2 protein chains.
Amino acid sequence: MTTSLAEENYLKIIYRLCEGTKEDISTNSIAELTNNKAASVTDMLQKLAEKGWVTYQKYQGVRLTKIGQNIALSIIRKHRLWEVFLVEKLGYNWDEVHEIAEQLEHIESETLINKLDSFLDFPKIDPHGDPIPSQEGEIPELGYLHLSEVKLNETCTLMGVAKDSAVFLQLLTKLNLSLGARLEVLEINTFDRSVSLKIAEQEPIFISHEVAKNILVKV
Amino acid sequence: MTTSLAEENYLKIIYRLCEGTKEDISTNSIAELTNNKAASVTDMLQKLAEKGWVTYQKYQGVRLTKIGQNIALSIIRKHRLWEVFLVEKLGYNWDEVHEIAEQLEHIESETLINKLDSFLDFPKIDPHGDPIPSQEGEIPELGYLHLSEVKLNETCTLMGVAKDSAVFLQLLTKLNLSLGARLEVLEINTFDRSVSLKIAEQEPIFISHEVAKNILVKV
DNA sequence: ATTAATTTTTAGTCTAGACTAAAAATTAAT
DNA sequence: ATTAATTTTTAGTCTAGACTAAAAATTAAT
């Protein structure tokens with residue numbers, strides 16, 4: 001069965017919302033991320049349920065079926081592989097690739113994405129540290145922590161980010177925070193949970209809890 | 001102003017039809033290539049005229065404006081650069097890339113296509129020998145002949161094809177006819193204008209006028 | 001346990017881009 | 001120069017995917 005662009009975008013966003021929780025996903029939360037009105041979302045959920053990609057109970061929210069999950073994973077796989085291509089081969093920065101990958105992820109061709117995978121030498125993570133699902137929809141569990149969970153005086157390595165927005169990524173770049181950086185937590189302020197960090201050979205820097213929450217690390 | 005997918009496909013096809021002739025383009029000829037009905041074409045032509053991309057006189061056919069031409073050329077540029085990418089970098093054969101490039105040509109990003117161009121080392125022709133328009137919409141005139149126009153006993157080099165369909169390209173591959181091949185016209189049958197050809201060190205082969213017409217050569 | 005607030009759904013509309021059937025122009029044929 | 005054939009346009013419809021406004025469920029608050 002074939003998927004329209006609109007359907008693909010809904011599935012992708014429902015997948016993202018499912019990831020965080022065991023609960024069913026609310027109409028409103030989908031409306032927010034798709035930038036549509038709740039009424040439009042209800043419409044689409046009924047279509048997706050009809051096609052067997054979500055289970056949907058009126059007023060009770062949705063959940064992806066196995067098939068729906070696989071479609072979502074294949075879109076995410078394409079998105080992340082294209083991001084690797086854009087950064088590794090075309091020389092983009094990590095904060096510039098999201099919008100273009102949003103378009104490229106809808107290109108339909110099994111062979112294309114596998115040839116691309118091979119051309120890129122089968123990368124396991126994208127430029128933001130997010131894991132790339134396999135062709136079979138396997139997604140390696142990396143077990144990263146949020147930097148906000150790291151204890152005082154511990155040292156960790158920056159492995160990824162939990163948010164792809166350009167402004168956030170540009171901020172990290174400005175602070176000299178990039179994948180692989182070694183970080184030591186020097187101070188955690190109880191007032192606002194902001195954090196003082198030492199990066200390798202540099203002067204300490206200062207980040208808000210909001211930033212720390214969106215940085216993924218390995219201890 | 002922004003172009004929809006449908007609009008881009010119309011502009012591309014009108015461009016192709018304009019190329020052959022000085023005449024205005026008929027509604028029916030567009031309908032045939034877009035696989036739409038004439039009534040739908042009329043509808044769209046009115047929209048395109050409204051946007052200033054074609055000049056359109058009821059019952060008298062259409063013609064691209066300068067702006068329309070530039071849009072069409074930018075789509076063709078993208079199509080051909082992606083084809084080079086697919087063949088050179090991903091290892092596709094020349095008969096496999098058309099459908100994928102039809103999708104990729106609609107990806108919207110100025111920087112992307114220029115970075116791709118540079119990554120591919122600024123190719124001048126695509127895998128079928130078609131010239132790649134520059135960013136400014138300049139398209140080098142290559143002055144190729146159709147093999148069907150070459151005189152008896154003349155020798156020429158295969159530079160391109162006038163048709164991208166997979167079956168045609170597969171036939172050429174089977175006959176060992178690829179870009180750069182040296183060809184000598186051994187015989188031209190007056191009955192059906194079929195042609196006997198010698199390719200470099202090989203046994204002579206035999207092709208129909210229809211095939212000869214779609215092969216582009218330099219003498 | 002009601003009532004109020006919030007969320008979700010239904011009903012009805014709109015737009016882009018397709019369609020069919022019929023009308024209007026144009027072109028070809030006597 | 002008419003008439004016939006062909007091409008193109010108009011008028012009216014349909015579908016996907018959005019919307020608003022109002023109705024119906026659910027959840028929160030007294």
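Convention: sequence-line order gives letters A, B, ...; per-chain numbering from 1. The structure presented is a predicted model; accordingly, all values stated were derived computationally and were not measured.
- As rounded to whole Å, 13 Å separates atom C1' of D:dT27 from atom CG of A:N28.
- When the C1' atom of D:dA18 is taken as reference, atom CG of A:L45 falls 14 Å away, rounded to whole Å.
- The pair B:R16-B:E19 does not count as a salt bridge, with every side-chain nitrogen at least 4.0 angstrom from each carboxylate oxygen.
- One finds a side-chain N or O of A:Q46 lying less than 4.0 angstrom from the OP1 or OP2 phosphate oxygen of C:dT10.
- Base pairing of D:dG17 is made with C:dC14, judged by Watson-Crick or G-U wobble geometry with both donor-acceptor distances under 3.5 Å.
- Protein atom OH of A:Y10 is 14 Å distant from nucleotide atom P of D:dA16, rounded to whole Å.
- Note: CD (B:E50) to P (C:dA16) measures 11 Å, nearest angstrom.
- Two residues, A:K58 and A:K47, neighbour DNA chain D, and the one matched to the more 5' nucleotide by heavy-atom proximity is A:K47.
- Regarding A:E8, its CD atom lies at a distance of 11 Å from the P atom of D:dG17, rounded to whole Å.
- Of all nucleotides listed (D:dA24, C:dT10, D:dT10), D:dT10 comes nearest to the side chain of B:A39.
- At C:dT9, one or more side-chain N or O atoms of A:Y56 fall inside 4.0 Å of OP1 or OP2 (strictly under the cut-off).
- The listed nucleotides are D:dA18, D:dT9, C:dT9; the one nearest the side chain of A:N36 is D:dA18.
- Separation of atoms CD (A:E83) and CG (A:D164) is listed at 6.0 Å; rounding is to 0.5 Å.
- Checked for salt-bridge contact, A:K213 and A:E210 meet the test: a charged N lies under 4.0 Å from a carboxylate O.
- For the pair A:Y59 OH and D:dT26 P, the computed distance is 7 Å after rounding to whole Å.
- In this structure, the CD atom of A:Q60 is 8 Å from the C1' atom of D:dT26, given to the nearest Å.
- As rounded to whole Å, 15 Å separates atom P of C:dT7 from atom CD of A:E23.
- A tilted orientation is assigned to the rings of A:F85 and B:W82, their planes being inclined by 30° to 60°.
- OP1 or OP2 of C:dA18 has not a single side-chain nitrogen or oxygen of B:S40 nearer than 4.0 Å.
- Note on A:T27: only backbone sugar-phosphate atoms sit closer than 4.0 angstrom, heavy atoms only; bases stay farther off.
- Distance from the side chain of B:A6 is smallest for C:dA18 among the nucleotides C:dA18, C:dT8, C:dA24.
- Under 4.0 angstrom from either OP1 or OP2 of D:dG17 there lies at least one side-chain N or O belonging to A:S4.
- With A:Y10 as the aromatic partner, A:K47 does not meet the cation-pi criteria of under 6.0 angstrom to the ring centre and within 45 degrees of the ring axis.
- Side chain of A:M44, nearest nucleotide from D:dT8, D:dC19, D:dA18: D:dA18.
- Pair assignment for C:dT26 gives D:dA5, based on Watson-Crick or G-U wobble hydrogen-bonding distances that are each under 3.5 Å.
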